[in-house]
Amino acid sequence: MNSFVFRWSSKRIRKRGRLTSCLILIALVMAPLVCALIFSDSMMEGITSKYIYLSDGHLQLSYNYGKELEDFDVSLYPDMLYSADEVTTGYALMYSATGTSNVMVKGTDKDYFNDKRLDQITFMVASESDSTASASNLKGITISRATAKKLQVNIGDRVALMIVPDNPDKVLRPVLCRIDSIFYSGYDQLDSLLCFVDIDYAKTLYSEKSSTSIELLVKGDYMEKLDDVIAALGDGYGISKWNEYNVAVYENFVTSRQMIFIILLLVVVVAAFYTASVAQQMVQDDMTDIAIAKLIGSSDTLVKKSAFLSVYAVTVIGMLIGIVLGLLIGCNLGPILTGLSNLGLQSLSFYLLDFDINVPWLSILIISLCLLAISYVAIWLSLAKTRRISPIQLFTSL
């Protein structure tokens with residue numbers, strides 16, 4: 001690098017003023033952008049996992065497609081399938097003395113909550129004294145913390161279910177259940193729709209054939225290759241993917257990711273053009289210095305390079321600082337959100353508060369490259385004004 005360019009650029013960077021403001025602005029733009037990318041990507045991945053493990057499984061096998069569900073043997077697919085669980089589901093109106101709630105009643109067996117599902121959910125159960133005091137002939141039910149709060153009930157209390165028939169030959173009928181436990185997954189929007197009962201009891205509430213299916217959890221790399229798993233299972237089963245049961249949710253995830261990314265790109269574009277504005281102002285402030293530099297023999301190219309390097313270096317430094325700050329904040333979002341939720345902020349019920357941090361390195365790289373590329377072009381174009389600065393201006397300004 002030419003020594004003049006290096007010294008001139010270093011001098012401009014060391015001087016406080018517009019370049020310092022530019023560095024701070026770029027850092028303050030990049031930090032929330034990275035944090036927003038981490039939050040949106042981690043939350044959407046977390047919500048997807050909640051729906052898969054607690055609501056639908058990766059795949060579902062249904063009756064009436066030639067093969068009986070009882071004939072399905074998960075051990076035939078040891079490399080693909082993690083588990084296969086029979087479930088019976090139906091809808092009901094749950095009500096207590098103080099409120100009502102629409103729920104999906106899900107009948108499961110005792111092995112349903114395996115290690116994968118237990119990673120997604122937390123149970124609160126009654127103590128021995130409470131369970132003895134509340135012992136009765138009523139069937140037990142597990143409801144969510146969100147539903148319990150809405151209905152103002154607790155473990156050991158009774159709730160009524162108005163069963164919505166899945167068969168036109170059946171009629172609405174009420175049943176009474178006892179709350180044996182309360183669960184919490186971190187996502188109230190899903191929790192408020194779910195409740196769990198024993199599968200044998202669920203089969204007495206709903207038609208076994210139409211409401212019973214087998215949920216399949218898929219292993220490792222096959223989570224991204226569900227079509228290959230379906231092909232391996234062969235014909236004879238009615239097989240559905242999790243996103244076919246939650247079309248609106250899945251489409252909302254895709255749309256939200258795209259919109260968030262586009263908005264963040266627009267913010268980056270604005271920040272990049274701000275650096276160009278800083279470069280223009282810097283040239284305006286240093287017209288005398290530039291004229292002197294040209295008087296002693298510096299060319300337009302050297303002057304332009306020195307101005308460009310100082311602004312662009314500050315942009316890069318600010319971007320790196322912002323990325324580091326964003327990663328520090330983004331990787332600690334869980335405790336931050338949990339603390340805010342404890343303050344009673346109702347809007348947080350629409351978000352998942354308990355999720356694993358997933359850093360979207362590719363998105364961060366794309367955002368960073370866009371900032372660098374747009375800044376490069378914008379700054380270089382804005383410095384065209386340096387050509388019009390000549391040594392004669394030193395004498396005309398006297």
Side-chain angles (χ1 to χ4, degrees), residues 49-57 83-166 172-208 211-215 217 349 352-354:
S49 296
K50 299 297 181 187
Y51 272 96
I52 288 172
Y53 289 105
L54 302 180
S55 181
D56 305 305
S83 67
D85 301 282
E86 186 180 28
V87 297
T88 297
T89 58
Y91 293 91
L93 178 66
M94 181 182 293
Y95 54 94
S96 66
T98 58
T100 61
S101 180
N102 293 314
V103 295
M104 182 177 76
V105 180
K106 190 165 187 176
T108 62
D109 59 29
K110 61 181 180 180
D111 297 324
Y112 179 78
F113 289 99
N114 52 37
D115 292 341
K116 294 287 187 181
R117 291 191 171 98
L118 289 176
D119 287 340
Q120 304 290 332
I121 194 170
T122 301
F123 288 97
M124 295 173 282
V125 298
S127 63
E128 290 187 9
S129 58
D130 292 337
S131 60
T132 301
S134 62
S136 70
N137 294 325
L138 295 178
K139 296 294 184 180
I141 189 172
T142 298
I143 67 173
S144 69
R145 189 176 70 177
T147 302
K149 183 177 180 180
K150 182 178 181 180
L151 300 183
Q152 298 181 21
V153 293
N154 210 328
I155 296 174
D157 292 341
R158 299 177 180 183
V159 291
L161 294 175
M162 185 64 72
I163 301 300
V164 179
D166 57 347
L172 286 169
R173 62 190 181 103
V175 296
L176 198 60
C177 295
R178 182 191 67 252
I179 301 174
D180 282 347
S181 59
I182 293 175
F183 73 88
Y184 171 68
S185 75
Y187 186 43
D188 286 350
Q189 292 301 297
L190 175 61
D191 289 0
S192 61
L193 299 176
L194 285 175
C195 64
F196 299 97
V197 299
D198 181 75
I199 190 170
D200 293 329
Y201 180 51
K203 288 179 179 179
T204 67
L205 302 177
Y206 303 98
S207 300
E208 182 175 349
S211 298
T212 299
S213 61
I214 291 182
E215 287 185 9
L217 295 184
S349 64
L352 174 64
L353 303 180
D354 179 22

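Worth knowing before you read on, the calculation uses all heavy atoms, side chains too, and leaves out hydrogens, waters and symmetry mates. All of these numbers come straight from a predicted model, not from anything done at the bench.
Of all the heavy atoms in Tyr51 and Leu190, the pair that sits closest is CE2-CD1, 3.8 Å. Across every non-hydrogen atom of Arg178 and Gly156, the tightest pair is CG-O, 4.0 Å. Residues Val197 and Gly140 share a closest heavy-atom pair of CG1-O, 3.9 Å. The minimum heavy-atom distance between Ser185 and Leu54, with the atom names listed, is CB-CD1, 3.7 Å. Shown here for Gln120 and Lys50, the closest heavy-atom pair between the two residues is O-NZ, 2.9 Å. What you find for Val153 and Ser96 is that their closest heavy atoms are CG1-CB, 3.7 Å.
Between Ile182 atom CD1 and Thr147 atom OG1 the span is 9.5 Å, to the nearest 0.5 Å. Considering OG1 of Thr108 and CD of Glu215, their distance stands at 9.0 Å, rounded to 0.5 Å. Once rounded to the nearest 0.5 Å, the distance linking CD1 of Ile155 with CZ of Phe123 reads 11.0 Å. Interatomic distance, Ile141 CD1 to Lys106 NZ, rounded to the nearest 0.5 Å: 14.0 Å. For the atom pair CG of Leu151 and OG1 of Thr100, the computed distance is 7.5 Å after rounding to the nearest 0.5 Å. The structure places CG of Asp157 at 5.5 Å from CD1 of Ile179, a figure rounded to the nearest 0.5 Å.
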Start with the C-alpha gap between Thr212 and Lys203, add the side-chain angles, then the distance that decides, and say whether side-chain contact (heavy atoms from CB on, under 4.5 Å) holds.
CA-CA 8 Å; Thr212 299; Lys203 288 179 179 179; 4.2 Å; yes
Does the pair Tyr53 and Asp119 meet the rule for a side-chain contact (heavy atoms from CB on, under 4.5 Å), with working shown?
CA-CA 9 Å; Tyr53 289 105; Asp119 287 340; over 6 Å; no
For a side-chain contact (heavy atoms from CB on, under 4.5 Å) check, start with the C-alpha distance between Met94 and Cys177, then their side-chain angles and the critical distance, and finish with the verdict.
CA-CA 10 Å; Met94 181 182 293; Cys177 295; over 6 Å; no
Should Tyr206 and Ile163 be marked as a side-chain contact (heavy atoms from CB on, under 4.5 Å) after you check the CA-CA gap, both sets of side-chain angles, and the distance that decides it?
CA-CA 8 Å; Tyr206 303 98; Ile163 301 300; 3.6 Å; yes
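Proximity of Tyr187 to Ser49: side-chain heavy atoms (C-beta onward) are nowhere separated by under 4.5 Å. When side chains are defined from C-beta on, Tyr91 does not count as touching Asn102, because their heavy atoms never get closer than 4.5 Å. Taking 4.5 Å as the limit, some side-chain heavy atom of Cys195 sits within range of a side-chain heavy atom of Val105.
Using cut-offs of 30° and 60° for the angle between ring planes, the Phe196 and Tyr112 rings count as tilted.
Taking 4.0 Å as the cut-off between side-chain N and carboxylate O, Asp85 and Arg117 count as a salt-bridged pair.
Heavy-atom neighbours of Tyr201 OH from other residues, nucleotides or ligands within 6.0 Å: above the threshold of 12.
There is no side-chain donor-acceptor pair under 3.5 Å between Ser192 and Ser144.
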